[in-house]
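Bear in mind that the values here come from a model prediction, so they are computed numbers and not experimental data. Counting starts at 1 for both ligands and their atoms, following the listed order.
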Amino acid sequence: MSTNQLDKKSQAWSALFSEPMSDLVKRYTSSVFFDKRLWQADIQGSLAHAEMLHAQGLISADDWASIQKGMAQITAEIESGQFEWKLDLEDVHLNIEARLTQLVGDAGKRLHTGRSRNDQVATDVRLWLRGEVDEIGLLLTALQTALVDVAEQNADTILPGFTHLQVAQPVAFGHHLLAYVEMFARDAERFLDLRKRVNRLPLGSAALAGTSYPLDRERVARTLGFEAVSQNSLDAVSDRDFAIEFTAAASLVMVHVSRLSEELILWMSQSFGFIDLADRFCTGSSIMPQKKNPDVPELARGKTGRVVGHLMGLITLMKGQPLAYNKDNQEDKEPLFDTVDTLKDTLRIFSEMAAGITVKPEAMERAAKKGYATATDLADYLVKKGLPFRDAHEVVAHAVKDAIAAGVDLSELSLAQLQAYNPAVEQDVFEVLSLRGSLNARNLLGGTAPEQVRKQVARHRVRLG
Ligand code: ARG
């Protein structure tokens with residue numbers, strides 16, 4: 001390319017082309033208005049590459065100094081909003097390289113020695129994503145901590161536990177919240193695991209086949225903090241598995257958030273009345289003056305569809321692509337960026353919202369009482385008196401049927417009435433039939449007894465630091 005050929009992309013691509021790209025094609029193929037977001041990673045990657053070129057004797061000390069100086073100026077220009085991003089220059093990589101050449105001349109033109117935009121973009125995305133994975137890890141810790149706090153305050157709070165959304169057995173509200181902590185803990189584990197596969201260096205793969213220059217790839221990897229160097233150039237420039245894996249992990253977080261959202265929405269409805277969300281997370285209605293709507297969890301439930309959609313987009317993007325790099329891969333960025341933005345905002349807002357939940361224990365307990373939540377406890381009681389479980393199950397079904405007809409709870413039947421179902425029943429049955437007795441009885445690892453909830457809270461606190 002002649003002097004500042006890159007700058008003249010408004011003309012033909014290179015000497016090979018007899019006409020410039022049409023405006024429509026320029027708009028269609030350019031990515032600069034979304035991938036400029038990668039500028040820091042791009043400059044970081046270029047500096048590591050240039051430093052290595054110099055160390056290997058492939059560019060002079062003067063060129064290396066000029067590149068550093070130029071990149072410092074470009075950094076300042078971008079940070080102050082003065083950098084002029086040009087659609088004509090297609091993407092973040094060409095924009096920065098062209099400006100560098102404008103600023104420092106030939107040294108800028110030597111930067112691309114032994115490199116292609118194919119290994120460059122793969123490096124940039126990985127560098128950028130690695131930073132985001134680390135931030136998401138911190139946000140997941142914050143959300144778990146907020147939930148553990150509420151769980152600790154509610155180790156003794158009785159909530160009707162549901163199966164099929166029918167009252168099943170009483171559980172501690174704290175135990176219920178810790179179920180979500182388990183989900184988010186697995187999410188954090190997943191991000192930590194996939195980080196290893198994000199953190200590998202493609203640079204040195206060049207366009208697809210590697211390069212004839214004696215590059216020191218390990219050196220670049222060390223400079224950029226990559227823990228390994230890719231081992232096959234064709235794979236390295238075309239692989240987007242790491243982006244798919246990331247989006248899959250993000251989708252699972254959103255699915256967990258969405259399940260929690262659904263519960264918050266139900267619990268806040270008048271029919272449940274179990275909790276209240278702080279006003280700052282709700283909105284009113286323009287027509288119904290009495291309304292307070294849980295918009296934040298509703299929106300989070302909705303945004304889950306968006307992130308799962310990005311996963312579908314990315315995984316479909318790779319299907320049927322021959323080796324090695326294809327322009328299809330430029331389409332990885334918008335879904336990836338939006339996934340990161342949506343996930344981070346959602347995690348931030350949920351940490352705050354969790355801390356602001358008002359719990360209404362009386363309503364929870366009333367609902368648990370209504371649903372014969374201790375029927376299993378009565379059956380277990382009879383088993384302990386010697387009845388086979390299946391017989392006990394049947395006996396209690398009769399008792400529940402009669403109690404429903406009489407409009408009373410099992411604990412409101414008299415001892416004589418209960419003994420009519422089985423003579424082995426004694427006075428101590430009333431402790432068993434109480435919600436608290438039921439809760440306390442499930443005192444084994446993983447169970448809902450308040451003592452277990454407190455043990456789990458302590459375990460999580462150690463884990464979360
Ligand atoms: N903007 C491109 C992308 O995001 C950079 C790589 C372009 N490589 C190429 N050979 N056209 O994938």
Side-chain angles (χ1 to χ4, degrees), residues 1 5-10 12-17 20-22 24-46 48-49 74 78 83 85-101 109 111-130 132 198 200-211 230 233-244 246-247 310 313-340:
M1 286 189 181
Q5 181 71 41
L6 280 179
D7 238 5
K8 295 188 191 139
K9 283 272 296 303
S10 47
W13 235 107
S14 73
L16 185 69
F17 291 72
M21 240 186 229
S22 88
L24 185 57
V25 172
K26 240 187 262 171
R27 261 198 292 124
Y28 195 71
T29 57
S30 93
S31 54
V32 65
F33 290 110
F34 51 84
D35 69 16
K36 65 181 175 193
R37 178 172 175 156
L38 295 172
W39 70 269
Q40 267 167 318
D42 194 66
I43 290 178
Q44 215 188 333
S46 288
H49 180 68
I74 292 171
I78 297 175
F83 191 90
W85 297 100
K86 295 181 185 147
L87 182 83
D88 276 353
L89 288 168
E90 201 176 305
D91 57 23
V92 61
H93 323 292
L94 294 180
N95 267 270
I96 290 177
E97 194 188 328
R99 179 69 183 137
L100 183 69
T101 301
K109 287 195 254 166
L111 170 64
H112 214 51
T113 308
R115 187 176 77 166
S116 153
R117 273 188 300 155
N118 297 350
D119 58 348
Q120 185 179 357
V121 69
T123 301
D124 290 3
V125 176
R126 283 168 183 271
L127 259 183
W128 167 81
L129 190 59
R130 184 182 73 191
E132 297 297 340
V198 171
R200 290 179 190 165
L201 177 78
L203 216 57
S205 304
L208 76 164
T211 177
S230 63
S233 58
L234 294 163
D235 176 48
V237 292
S238 61
D239 171 42
R240 294 295 182 273
D241 291 0
F242 68 94
I244 295 172
F246 171 84
T247 312
H310 292 325
L314 283 173
I315 205 160
T316 311
L317 176 69
M318 294 313 292
K319 179 191 169 297
Q321 270 198 56
L323 288 175
Y325 177 87
N326 301 283
K327 185 78 167 184
D328 310 42
N329 284 349
Q330 184 165 288
E331 286 290 304
D332 65 352
K333 288 172 199 64
E334 286 162 295
L336 203 52
F337 293 164
D338 189 65
T339 297
V340 164

**Student:** Contact between ligand 1 and Lys333 is defined here as a heavy atom of the residue under 4.0 Å from a ligand atom; is it met?
**Tutor:** yes

**Student:** Ignoring hydrogens and angles, tell me if any N or O in the side chain of His49 forms a donor-acceptor pair with the backbone of Thr113 under 3.5 Å.
**Tutor:** yes

**Student:** Assess, by modelled atom type and distance only, whether the side chains of Gln330 and Asp91 contain a donor and an acceptor separated by less than 3.5 Å.
**Tutor:** no

**Student:** Nearest 0.5 angstrom please: Ile96 CD1 to His93 NE2, how far?
**Tutor:** 8.5 Å

**Student:** Give me the residue, atom name and distance of the protein heavy atom closest to atom 5 (C) of ligand 1.
**Tutor:** Asp91 OD2, 3.5 Å

**Student:** Among residues two or more places apart or on two chains, list those pairs meeting salt bridge (Lys or Arg N to Asp or Glu O under 4.0 Å) that have a residue in residues 321-331.
**Tutor:** Glu90-Lys327

**Student:** Can you tell me how far apart CG (Leu16) and OG (Ser14) are? Round to the nearest 0.5 Å.
**Tutor:** 5.0 Å

**Student:** May I ask you to identify the nearest protein heavy atom to atom 2 (C) of ligand 1, giving residue, atom name and distance to one decimal place in Å?
**Tutor:** Gln330 OE1, 3.3 Å

**Student:** Please report which non-hydrogen protein atom sits nearest to atom 12 (O) of ligand 1, along with the residue it belongs to and the distance in Å to one decimal place.
**Tutor:** Tyr325 OH, 2.4 Å

**Student:** Which ligand 1 atoms does Ser31 reach within 4.0 Å, using its non-hydrogen atoms?
**Tutor:** 1 (N)

**Student:** Could I get the full list of side-chain hydrogen bond (donor to acceptor under 3.5 Å, both in side chains) partners for Ser238, not counting sequence neighbours?
**Tutor:** none

**Student:** Tell me the protein heavy atom at minimum distance from atom 11 (N) of ligand 1, and give that distance in Å.
**Tutor:** Arg117 NH2, 3.5 Å

**Student:** If you take the nearest heavy atom of each of Asp328, Val125, Val237, Asn118, which one is closest to atom 10 (N) of ligand 1?
**Tutor:** Asn118

